[in-house]
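Down below is the structure, laid out as structure tokens.
Positions are given from 1 along the sequence. Atoms within each ligand, like the ligands themselves, are counted from 1 in listed order.
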Amino acid sequence: MLTVAVLISGAGSNLRALLEAASVPDYPARIVAVGADREAAGFAHAEEFGIPTFLVPFRQFGSREEWGRELGVQLAAWEPDLVVLSGMMRLLPADLVERWAPRIINTHPAYLPEFPGAHGVRDALAAGVTQTGASVIVVDHGVDSGPILAQERVPVLPGDDEASLHERIKPVERRLLIDVVRRIATGDIDLAATADAASN
Ligand code: GRF
């Protein structure tokens, strides 16, 4: 059974989908803890499913590195096999990424490498594209630049605004995330091999 820690910053709707998937007995992964960099509304989902939470408030630390060190201590206490960034809106410091790589993955509301960064949905709309997408990637030292594990196109419809487009992308992100975590758990995705292939 693959053990998973999830890091969030916001509503945690993707977290909730993973919690629901992981509560089905056949699903080969279990969420062991949910962490956040702020008082995230998504903690309520973890609590509902009886999953422990931990808060490492970014603003209480003098630097990203100090914050990352404490986050690393909290994460390590749960000894997860995999760390999932699910709407965690902070860049992790390099040594934390190094510590978990390649067992750390992220979801992104765009078809990477198109529209990386914090405003993937807004940037796609601003660019006037007719389709964008959702991606699940391995986290590396760049911004949304790691190897792509799964991705799918989502159309941009006339009249879409950032909220409506994001709400259409999120169900795709959830489906991809649930599938990728399952495939990592079953060995169908080999993260080490994926990362090695990307670095060669
Ligand atoms: C997702 O689209 C994620 O990729 C993005 O923020 C959203 C998280 O939403 N970075 P939620 O917190 O899971 O509802």
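Between the side chains of Glu98 and His141, at least one donor N or O lies within less than 3.5 Å of an accepting N or O.
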For a quick test of your reading: what N or O donor-acceptor pairs under 3.5 Å do the side chains of residues 74-81 make, sequence neighbours left out?
residue : atom : partner : partner atom : Å
Gln74   : NE2  : Glu70   : OE2          : 2.8
Asp81   : OD2  : Thr3    : N            : 2.8
Asp81   : OD2  : Thr3    : OG1          : 3.1

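Between the side chain of Arg64 and the backbone N or O of Leu91, at least one donor-acceptor pair lies under 3.5 Å.
A distance of 8.5 Å separates CD1 in Ile169 from NE2 in His108, rounded to the nearest 0.5 Å. Separating the CD atom in Glu114 from the CZ atom in Arg153 is a distance of 4.0 Å, to the nearest 0.5 Å.
Ligand 1 lies under 4.0 Å from heavy atoms of Gly10, Ala11, Gly12, Ser13, Asn14, Gly87, Met89, Thr107, His108, Pro109, His166, Lys170, Glu173.
The pair Glu65-Arg69 does not meet the salt-bridge criterion, since no charged nitrogen lies less than 4.0 angstrom from a carboxylate oxygen.
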